[in-house]
Amino acid sequence: MTFDYDLFVIGGGSGGVRAGRLAAEGGARVGLAEEFRMGGTCVIRGCVPKKLMVFASSYGPAARQARDYGWEYEGGSFRWERFRPKLQAELARLEGIYRTNLARAGADIFHARATLRDAHTVALSTGETFTARHILVATGGRPFVPETTEGHELAITSNEVFDLETFPERILIVGGGYIACEFACIFNGLGAHVAQWYRGAQILRGFDDEVRGHLAELIRERGVDLHVGLEVERMERREGRIWVKGSDGREDVFDQVLYATGRVPNTAGLGLEEAGVRLGRWGEIVVDDYSQTSVPSIYAVGDVTNRINLTPVAIREAVAFHETVFKGNPTKPDHENVPSAVFTQPEYGAVGLSEEQAREREPIDVYCAAFRPMQRSFIGRPDRVLFKLVVSQATQKVLGCHIVADGAGEMIQLAAVAVKMGATKADFDATVAVHPTMAEEIVLMKTPVRSG
Ligand code: NDP
């Protein structure tokens with residue numbers, strides 16, 4: 001049987017573009033359809049614009065601290081209307097790079113929505129139909145907003161937040177996960193009044209309990225009005241603003257309400273089930289260890305499979321798919337010890353197990369140091385950084401490393417190499433400290449704070 005393409009990719013995000021580019025560079029005939037903008041969530045409305053906003057939000061507090069270090073500083077305020085066009089221009093530049101690299105590799109790019117017709121056929125919204133030996137679904141995910149809340153349609157999500165016409169002076173952030181915590185800190189740093197309401201007992205469910213408590217304290221200290229055990233009961237548009245009633249009876253008014261209440265896989269209306277592709281409970285595409293779906297010619301990578309929803313993981317899955325399908329080298333993407341960072345202020349970097357997860361598996365020693373770093377104690381700031389190692393008693397291997405500090409995202413990347421290599425506590429101890437740094441504490445912790 002002959003096909004129009006060796007590979008047809010649905011979705012131009014991190015996973016889809018990487019797989020398409022590798023296959024095309026290797027000589028395969030590749031088509032890729034993207035209905036929105038090339039680059040996907042990460043580039044267009046996720047990691048990249050978020051990180052640029054994190055940078056923007058760090059200068060206000062830094063300038064105020066500079067005064068305590070002896071600088072003349074007369075105050076100042078953030079101008080969204082100055083920042084926003086620069087942000088949009090940067091995203092357009094990056095989108096162009098994605099498009100160019102893929103086209104240069106020889107792939108055909110279609111600005112269209114693609115749906116599956118059958119195991120080897122895709123139909124485009126342009127009316128075209130193509131056959132392909134392999135189809136890769138990499139359609140990512142989208143924000144989920146609980147529609148049970150009255151007035152939910154007044155809320156924005158991370159999809160809209162980068163395009164706001166005006167800067168919200170007062171913003172409510174709903175949720176306690178990565179996105180909620182990051183945007184609470186971003187808007188706080190940019191000078192908005194920020195309230196964050198989370199339904200559970202502590203933010204960042206699933207992460208290390210001690211760290212969650214520590215971070216919540218710091219987020220509050222830096223000015224976010226963070227409440228746990230609080231949900232939105234009702235929202236109404238009143239005099240151009242949003243009136244919100246909380247589950248504890250409180251009422252408040254905000255310029256914007258940002259819901260960061262999770263993301264769901266983009267699988268609706270793609271013809272997946274009709275083509276025989278099995279979906280899971282949350283609508284995610286069910287794949288095996290090689291990212292193959294229940295239809296042998298159809299594969300899926302990235303957030304649409306709801307494994308670990310991070311850009312670098314989607315890219316690894318795409319590379320493994322390429323090795324498996326186009327290089328005859330069956331490769332499983334490795335989902336063990338994936339580091340990640342929550343870009344709050346301060347940041348939280350983590351790799352491996354939390355104390356709670358580790359203790360469920362085996363007896364452990366916990367090493368933890370929380371202290372005021374030199375840079376902050378000099379100016380009388382109360383912020384404390386936290387360094388924590390979770391160590392197996394039996395093997396002495398470091399099972400988890402957790403860092404809360406400015407720059408923790410950068411630090412955890414390096415600590416993750418050691419953890420991934422199976423470093424023991426003795427290996428950490430044998431490493432000479434870099435002095436004076438905050439991170440030296442990671443090799444200086446001598447006595448466990450808890451064992452068992
Ligand atoms: P998360 O799953 O991290 O958090 C969702 C939050 O919304 C949780 O606090 C959850 O509460 C709450 N929630 C869910 N449903 C409801 C509801 N019906 N009513 C009220 N609250 C609700 O999702 P995010 O949207 O923050 O992020 C999605 C994913 O994107 C992350 O898991 C991560 O993989 C990725 N990401 C990674 C980033 C990074 O690496 N820095 C940054 C941003 C996103 P509960 O805990 O009670 O369930």
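Order of appearance sets the numbers: ligands from 1, and atoms from 1 within every ligand. When reading the values below, keep in mind they use all heavy atoms of this one structure, side chains included, and skip hydrogens, waters and symmetry mates.
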### Query
Which residue owns the protein heavy atom closest to atom 34 (O) of ligand 1, what's the atom, and how far is it?
N309 O, 2.8 Å

### Task
Classify the angle between the aromatic ring planes of F326 and H322 as parallel (below 30°), tilted (30 to 60°) or perpendicular (above 60°).
parallel

#### Entry: Heavy-atom check, side chain of Y98 versus side chain of E34, under 4.5 Å
no

### Task
Report the member of R199, R307, H152, E182 with the shortest heavy-atom distance to atom 16 (C) of ligand 1.
R199

### Message
Using a 3.5 Å cut-off on N or O atoms only, is E231 in polar contact with ligand 1?
### Response
no

### Message
Does S125 form a side chain to side chain donor-acceptor pair (under 3.5 Å) with E35? I'd like the steps, not just the answer.
### Response
CA-CA 9 Å; S125 51; E35 63 178 333; over 6 Å; no

## Note on the structure
atom 12 (C) of ligand 1 sits nearest the protein heavy atom T261 CA, 4.0 Å

### Min N/O separation L310 to ligand 1 under 3.5 Å
no

### Message
I'd like to know if the side chain of Q88 and the backbone of F162 have a donor-acceptor N/O pair within less than 3.5 Å.
### Response
yes

### Message
Under a 3.5 Å threshold, yes or no: a donor from one side chain and an acceptor from the other, between R307 and S291?
### Response
yes

### Task
Report the nearest protein non-hydrogen atom to atom 1 (P) of ligand 1: residue, atom name, distance rounded to 0.1 Å.
G177 CA, 4.1 Å

### Task
Please determine if K388 and E355 form a salt bridge, counting it only when a charged side-chain N lies under 4.0 Å from a carboxylate O.
yes

### Greater than 12 external heavy atoms within 6.0 Å of E362's CD
yes

### Residue, atom name and distance, where the atom is the protein heavy atom closest to atom 44 (C) of ligand 1
I179 CG1, 3.5 Å

### Query
Just distances here: any N/O of G176 and N/O of ligand 1 closer than 3.5 Å?
yes

### Task
Answer yes or no: is there a side-chain heavy-atom contact under 4.5 Å between E347 and V404?
no

#### Entry: Centroid-centroid distance, F187 to F78, less than 6.0 Å
no

### Query
Out of P146, G262, G141, whose heavy atom is nearest to atom 5 (C) of ligand 1?
G262

### Task
Starting from atom 37 (C) of ligand 1, locate the nearest protein heavy atom and write down its residue, its atom name and how far away it is, to 0.1 Å.
Y178 CD2, 3.4 Å

### Query
Any idea which atoms of ligand 1 are less than 4.0 Å away from a heavy-atom of R205?
45 (P), 46 (O), 47 (O), 48 (O)

### Task
Ignoring hydrogens and angles, tell me if any N or O in the side chain of N266 forms a donor-acceptor pair with the backbone of T139 under 3.5 Å.
yes

### Message
Below 4.0 Å from ligand 1: does a non-hydrogen atom of A260 turn up there or not?
### Response
yes

#### Entry: Contact check: A341 vs ligand 1, nitrogen or oxygen atoms, below 3.5 angstrom
yes

## Note on the structure
In this structure, atom 29 (C) of ligand 1 is nearest to the protein heavy atom R263 CD, 4.2 Å

## Note on the structure
For K50, the ligand 1 atoms with a heavy-atom partner under 4.0 Å come out as 41 (N), 42 (C)

